[in-house]
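Read through the structure below, which is laid out as structure tokens, and then see the notes.
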Amino acid sequence: MLQVQFIRQNKELVLERLAVKHFKEPGIVEEVLALDDQRKKLTLEYDETQAKINSASKEIGKLMASGDKAGAEARKQDVAAFKQALGPIDESLRETEKNLHDTLVKLPNLPGANVPPGKTPEDNVEVRGGGVKPTLAEGSVPHWDLAKKYNLIDFELGNKITGSGFPVYINKGARLQRALISYFLDYNTANGYTEVLPPYMVNEASAYGTGQLPDKEGQMYFVTEDNFYLIPTAEVPVTNIYRDEILKEAALPVRMTAYTPCFRREAGSYGKDVRGLNRLHQFEKVELVQLVQPEKSYGVLQEMVEHVEKLLISLNLPYRILNLCGGDMSFTSAQTFDFEVWSAAQEKWLEVSSVSNFESYQTNRMKIRYKDENGKNQLLHSLNGSSLALPRIVACLLENNQTPEGIILPEVLRSYFGSDRIA
RNA sequence: GGUGAGAUGCCUGAGUGGCCGAAAGGAACGGUUUGCUAAACCGUCGUACGGGUAACACUGUACCGAGGGUUCGAAUCCCUCUCUCACCGCCA
């Protein structure tokens, strides 16, 4: 969430930036400021009254010790009166704090300076692209047919075991998953990221910390027995590693990478784009997370974009990078670059990675700070990105590389996969 | 799942009603000393939200796992919850 102090000092800027995000309730900004004023006023009243109680209590102790029972009794009467006054102050202070918090979390993150204006996906700006869209031979088919032909993935079997959106990878299909995960992790660790294998379920505090709660509740699977959420992305457990921590500057930057399955209910997304591997309830993903000093975060964002880009280049997949416009960005992001890969048989772009700078929006919730050179505690900036989400990569690898001699795999995967092709 | 013991600052650990935001030791940081390292010595060494200030200073309140309660006063007493450890049971 945003910092109240920042909103107070930059009200005009906040309103202007919220407009870029097409935020519909700019009135919340004034609401926040009013609630914060009230909070301060009540805090002062509370503190002053409590101070009276504390000093009177100390006096009582001394009076008792010196044997002045009557004096002590008199002071007790005073305390009783102070406490009576404190009750309602305490109550309204709590209520105000809760209102302030509940109002504050309704404000999305502010888009950064380089976020293009615009409202819909059509307004996203293509930054650059690479690779060549292959010309497929006559009789080429989409990945779900290839998956069947080479016995790689059984979608129906997944229906039987669990339900739709839970495919079963078999034989070389399963091996390909493992190869991709290993390759991605090795690529990331070779570039300075520390490998992490986190829990796949998180508690409420963690889901709140990265911003899945309160508003995206319905998108996560929830285990009622223990109040755990199945993670929709490794971002959640991995970023929360540093929740409530104050890091030394020498420990920065924090760079982590993690493979996890991701679970998403995808409530409300039915239709033709759910065919095959395009949209699943469970999928594999390797994620990147960084925690860095504020002044470095945009440089790091570019660095992460290039990192993911090189990974895609190594896979020989035609890609494009989009700078998401204000209206298409997520609630919590300050700037996001999406990576899309060309699915040659479906003839469309599929999103395979999303690299974002959250500035201090997540870290403010999680209280992830560092001690700067002046010894002051400051919020860090958090960033994350996929490198990469597997299903759509697999879809494109299968479709784009299909030949009469089988599916020819890119060089970098062969040692992991144990063969140069799926035939 | 059962029984028992616990949860205090970066760590270890003292503290069973007021003099405790909290002893002591260690770590860390700054300094003195030193050819260098080590040692020794001196100092600093929690967080949040207020008030105050040009900024410091100064100052109030809260926090000893979380939430409630008793009391003039709670780290300390009571209740609930969570978690940790040990042993037993079960088990990859």
Side-chain angles (χ1 to χ4, degrees), chain A residues 1-9 32-105 197-209 213 223-229 237 240-252 254 261 291 360 363-380:
Chain A
M1 63 188 157
L2 299 175
Q3 296 177 78
V4 179
Q5 214 184 352
F6 179 86
I7 298 175
R8 183 174 293 289
Q9 289 162 356
V32 164
L33 293 179
L35 284 165
D36 191 48
D37 282 338
Q38 201 183 341
R39 191 196 109 252
K40 282 190 185 179
K41 185 170 145 271
L42 288 166
T43 300
L44 188 59
E45 276 181 56
Y46 180 95
D47 286 357
E48 282 174 348
T49 310
Q50 187 59 249
K52 285 185 204 164
I53 294 173
N54 289 348
S55 70
S57 293
K58 271 187 185 159
E59 277 178 50
I60 291 169
K62 283 178 192 151
L63 290 168
M64 302 271 264
S66 67
D68 183 355
K69 288 218 168 133
E73 279 310 314
R75 294 305 276 145
K76 281 193 196 181
Q77 299 292 318
D78 293 343
V79 172
F82 294 145
K83 283 181 88 167
Q84 198 145 35
L86 191 65
I89 297 171
D90 184 33
E91 206 173 310
S92 24
L93 178 58
R94 284 177 193 236
E95 199 186 312
T96 303
E97 281 175 340
K98 186 178 183 304
N99 285 344
L100 174 60
H101 176 266
D102 291 350
T103 309
L104 199 53
V105 295
L197 199 151
Y200 301 157
M201 291 195 266
V202 295
N203 58 29
E204 201 176 314
S206 295
Y208 170 80
L213 294 181
V223 181
T224 53
E225 193 85 46
D226 297 289
N227 290 328
F228 292 152
Y229 293 89
N240 272 282
I241 289 174
Y242 288 94
R243 171 150 50 87
D244 293 321
E245 297 276 339
I246 300 172
L247 298 169
K248 289 187 180 143
E249 200 157 17
L252 301 173
V254 171
L291 298 171
S360 58
T363 54
N364 188 31
R365 286 186 173 204
M366 283 184 273
K367 297 286 170 276
I368 303 180
R369 291 159 293 173
Y370 78 108
K371 230 173 241 308
D372 68 17
E373 64 267 31
N374 303 317
K376 287 197 79 172
N377 294 330
Q378 271 199 57
L379 293 173
L380 284 163

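Quantities reported herein were computed from a predicted structural model and do not represent experimental measurements. Within every chain, numbering begins at 1; the chains are lettered A, B, ... in the order of the sequence lines, protein sequences first and strands thereafter.
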Any-strand Watson-Crick or G-U partner of B:G6, both distances under 3.5 Å: B:C83
Sugar-phosphate only, base, or nothing, as touched by A:A51 at under 4.0 Å among non-hydrogen atoms: sugar-phosphate
Gap in Å between the two C1' atoms, one belonging to B:U44 and one to B:G26, rounded: 16 Å
Nearest-angstrom distance, P atom, B:G60 to B:C19: 14 Å
Whole angstrom value for the distance that separates C1' of B:G73 from CD of A:E59: 13 Å
Separation of the C1' atoms in B:G18 and B:U71, to the nearest angstrom: 12 Å
Short side-chain N/O contact from A:R94 to OP1 or OP2 of B:G68, under 4.0 Å: yes
Watson-Crick or G-U wobble partner of B:A27, both distances under 3.5 Å: none
Separation of the C1' atoms in B:A54 and B:C11, to the nearest angstrom: 41 Å
B:G21: pairing nucleotide in any strand, Watson-Crick or G-U under 3.5 angstrom: none
Rounded distance in Å - NZ (A:K76) to C1' (B:G18): 13 Å
Complementary nucleotide of B:A54, counting Watson-Crick and G-U pairs under 3.5 Å: none
Distance-only polar pair, side chains of A:T363 and A:R369, donor-acceptor under 3.5 Å: no
Interatomic distance where CD1 belongs to A:I89 and C1' belongs to B:G50 [whole Å]: 14 Å
Residue whose nearest RNA chain B nucleotide is more 5′ - A:V79 or A:G61: A:G61
Given B:A62, B:C49, B:G51, the nucleotide with the shortest approach to the side chain of A:L44: B:G51
Salt-bridge contact A:K40-A:D37 (side-chain N to carboxylate O under 4.0 Å): no
Protein-nucleotide distance (A:E373, atom CD; B:C29, atom P), rounded to Å: 17 Å
What protein N or O atoms touch nucleotides 46-48 of chain B N or O atoms at under 3.5 angstrom, if any, and at what distances?
unit_1 : atom_1 : unit_2 : atom_2 : d
B:U47  : OP1    : A:K371 : NZ     : 2.6
B:U47  : OP1    : A:N377 : ND2    : 3.1
B:U47  : O3'    : A:R369 : NH1    : 3.1
B:A48  : OP1    : A:R369 : NH1    : 3.0

Closest listed nucleotide, where the reference is the side chain of A:S57 and the choices are B:C19, B:C72, B:C49: B:C72
Interatomic distance, A:E245 CD vs B:G9 P [rounded to whole Å]: 13 Å
Separation of atom CG in A:D226 from atom P in B:U82, rounded to whole Å: 11 Å
Rounded distance [0.5 Å steps], CG in A:N99 versus CD in A:Q38: 8.0 Å
Strand partner of B:G60, provided both Watson-Crick or wobble distances fall under 3.5 Å: B:C49
Per A:K40 side chain, nearest of listed nucleotides B:C72, B:G51, B:G60: B:G51
Phosphate OP1/OP2 of B:G73 contacted by A:K83 side-chain N/O (<4.0 Å): yes
Gap in Å between the two P atoms, one belonging to B:G31 and one to B:C49, rounded: 30 Å
Gap separating the CG atom of A:L86 from the NZ atom of A:K52, nearest 0.5 angstrom: 10.5 Å
A:Q3 side chain to A:N364 side chain, donor-acceptor N/O pair below 3.5 angstrom: no
Interatomic distance at P, B:C83 relative to B:A27, whole Å: 35 Å
A:N203 side chain to A:S206 backbone, donor-acceptor under 3.5 Å: yes
Pairing partner of B:U71 (Watson-Crick or G-U wobble, both distances under 3.5 Å): none
Pairwise 5' ranking along RNA chain B for A:Q50 and A:R39, keeping only the more 5' one: A:R39
Partner nucleotide, any strand, of B:U32 [Watson-Crick/G-U, under 3.5 Å]: B:A40
Evaluation steps, side-chain contact (heavy atoms from CB on, under 4.5 Å), between A:L100 and A:V32: CA-CA 6 Å; A:L100 174 60; A:V32 164; 3.9 Å; yes
Pairwise C1' distance for B:C41 and B:U33, with rounding to whole Å: 8 Å
Whole-Å distance separating the CE atom of A:M64 from the C1' atom of B:U71: 10 Å
A:R365 to A:Y208 - nearest heavy-atom pair and separation: NH1-O, 2.8 Å
Whole-Å gap separating P (B:U71) and CZ (A:F82): 19 Å
Atom CZ of A:R8: over 12 foreign heavy atoms under 6.0 Å: yes
Any A:N54 side-chain N or O less than 4.0 Å from OP1/OP2 of B:U61: yes
Whole-Å C1' distance, B:C20 and B:A62: 15 Å
Distance-minimising heavy-atom pair for A:N240 and A:G209: OD1-CA, 4.3 Å
